[in-house]
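Notes for the one structure printed next.
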Amino acid sequence: MSVPLLRIERLRKDFGGVHALSEVSFSVREGDIHALIGPNGAGKTTLFNCATGVFSPSEGEVWFRERRLTGLAPHRIAARGVARTAQNLRPWREMTVLENVLVGCHLLGHAGMVAGALHLPSSLREERRLREITMRRLEQAHLAEYADHLVGELALGQQRMVELTRALASNPRMLMLDEPAAGLHTRETQELGGLLTSLRGQGLTVLLIEHDMSLVMSICDRVVVLDYGEKIAEGAPREVQADPRVVAAYLGEEVS
Ligand SMILES: Nc1ncnc2c1ncn2[C@@H]1O[C@H](COP(=O)(O)OP(=O)(O)OP(=O)(O)O)[C@@H](O)[C@H]1O
Ligand SMILES: [Mg+2]
């Protein structure tokens with residue numbers, strides 16, 4: 001089997017007496033859309049936070065391209081090619097769509113602060129280049145016509161797409177999305193599925209936390225299920241869906 005892109009190894013995270021993650025291990029293959037699902041409070045966001053340097057795990061390690069991420073600061077992990085979105089929307093609502101995504105491009109910029117402050121030709125060229133890349137990203141997400149709109153004026157679904165596009169602006173190898181379809185209409189969810197599938201076609205790997213099971217079943221290659229901080233199932237979407245432990249974990253939960 002080929003070397004996985006991301007490897008989660010015996011990850012544990014305790015918050016006082018709460019075991020948010022216990023001994024969770026799994027791998028994400030390069031080029032897959034890999035889902036991380038489970039009932040509310042299962043530990044999904046905590047796993048993202050441990051993998052992206054927001055929390056340090058109580059035990060265990062996270063590896064990306066066979067290099068250890070655990071212990072690195074979030075910006076260093078981002079520079080390795082891991083981008084993420086947050087569960088709660090965080091686009092800068094008082095900035096335009098274009099500005100929001102340009103901020104995400106900062107990892108691509110090389111001209112440096114001094115050249116930028118002095119408006120040297122190298123930094124102007126750089127800015128033009130970043131704007132072109134940004135506009136291409138906005139076109140792909142059907143946001144180009146809103147480039148100059150304030151994000152706060154857009155519908156929720158479009159704001160989510162701005163956040164996703166901002167995460168893509170740094171040209172990541174892996175994109176981690178925390179419930180990107182929350183609050184979206186059916187049509188918007190289908191468009192999101194189409195976008196993620198086409199990004200996978202371009203070689204991007206996606207780790208997706210999602211409650212919308214029809215989205216998970218239609219676009220994901222593999223699924224890991226957490227419940228009370230433990231991995232209870234892993235496999236192809238259809239296998240996992242039929243697993244009695246998964247069905248039991250979701251009993252009493254509203255599954256769409
Ligand atoms: N910063 C924190 N401090 C204390 N407890 C936390 C913290 N973050 C998460 N927890 C606890 O850890 C457990 C897992 O939470 P987490 O947010 O990872 O779940 P989740 O699977 O993302 O749930 P949801 O589907 O509701 O987003 C919960 O019991 C939660 O209360
Ligand atoms: Mg969560």
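For clarity, every value in this text was computed on a predicted model and none was experimentally measured. In each ligand, atom 1 is the first atom listed, and ligand 1 is the first ligand listed.
Close approach of ligand 1 to His211 is summarised as follows: ligand atoms under 4.0 Å from at least one heavy atom of the residue are 25 (O). With ligand atoms numbered from 1 in the order given, ligand 1 contributes 25 (O), 27 (O) to contacts under 4.0 Å with heavy atoms of Glu179. Counting the atoms of ligand 1 from 1 in the order shown, those under 4.0 Å from a heavy atom of Ala20 are 12 (O), 13 (C).
Backbone or side-chain N, O or S atoms of Thr45 reach the Mg ion (ligand 2) at under 2.8 Å. At least one N/O/S atom of Gln87, from backbone or side chain, sits under 2.8 Å from the Mg ion (ligand 2).
Between Phe48 and ligand 1 there is no heavy-atom distance shorter than 4.0 Å. Heavy-atom distances between Gly41 and ligand 1 reach below 4.0 Å in at least one pair. Residue Lys13 places every heavy atom at 4.0 Å or more from ligand 1.
Between Glu66 and Arg7, at least one side-chain nitrogen of the basic residue sits less than 4.0 Å from a carboxylate oxygen of the acidic one, meeting the salt-bridge criterion. Using a 4.0 Å cut-off between charged side-chain N and carboxylate O, Arg128 and Glu132 make no salt bridge. Ion pair Asp227/Arg245 not flagged as a salt bridge, since none of the NZ, NE, NH1 or NH2 atoms sits closer than 4.0 Å to an Asp/Glu carboxylate oxygen. Note on Arg131 versus Glu127: salt bridge recorded, some NZ/NE/NH1/NH2 to OD/OE distance being below 4.0 Å. One finds a salt bridge joining Glu163 and Arg166 here, because a Lys/Arg side-chain nitrogen approaches an Asp/Glu carboxylate oxygen to under 4.0 Å.
Every N/O-N/O distance between Phe55 and ligand 1 stays at or above 3.5 Å. Of the N or O atoms in Ala42, one or more lie within a sub-3.5 Å distance of an N or O in ligand 1.
For atom 27 (O) of ligand 1, the closest non-hydrogen atom of the protein is Gln87 NE2, 2.8 Å. Atom 29 (O) of ligand 1 has its closest protein heavy atom at Val18 CG1, 3.7 Å. In terms of protein heavy-atom proximity, atom 25 (O) of ligand 1 is closest to Lys44 NZ, 2.8 Å. Scanning the protein for heavy atoms near atom 3 (N) of ligand 1, the closest one is Phe15 CD2, 3.4 Å.
Contact annotation: for Thr45 versus ligand 1, heavy atoms closer than 4.0 Å belong to both the backbone and the side chain.
Residues Val224 and Lys231 are in side-chain contact: their nearest non-hydrogen atoms beyond the backbone lie under 4.5 Å apart.
Applying the side-chain contact (heavy atoms from CB on, under 4.5 Å) test between Arg84 and each of Val54, Leu175, Leu177, Leu207 identifies Val54 as the sole match.
Between the side chains of Asp178 and Thr45, a donor-acceptor pair is found at a separation under 3.5 Å. Side-chain contact check for Glu61 and Thr70: no donor-acceptor pair (N or O, by modelled atom type) lies under 3.5 Å. Side-chain atoms of Gln241 and Arg238 form a donor-acceptor pair, as typed in the model, at a separation below 3.5 Å.
Using a 4.0 Å threshold on non-hydrogen atoms, atom 31 (O) of ligand 1 does not count as touching the protein.
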Go through the steps for Arg160 and Glu188 under the test salt bridge (Lys or Arg N to Asp or Glu O under 4.0 Å), then give the verdict.
CA-CA 10 Å; Arg160 285 213 176 272; Glu188 291 171 325; over 6 Å; no
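The heavy atom nearest to atom 15 (O) of ligand 1, considering only Asn88, Asn40, Thr46, is found in Thr46.
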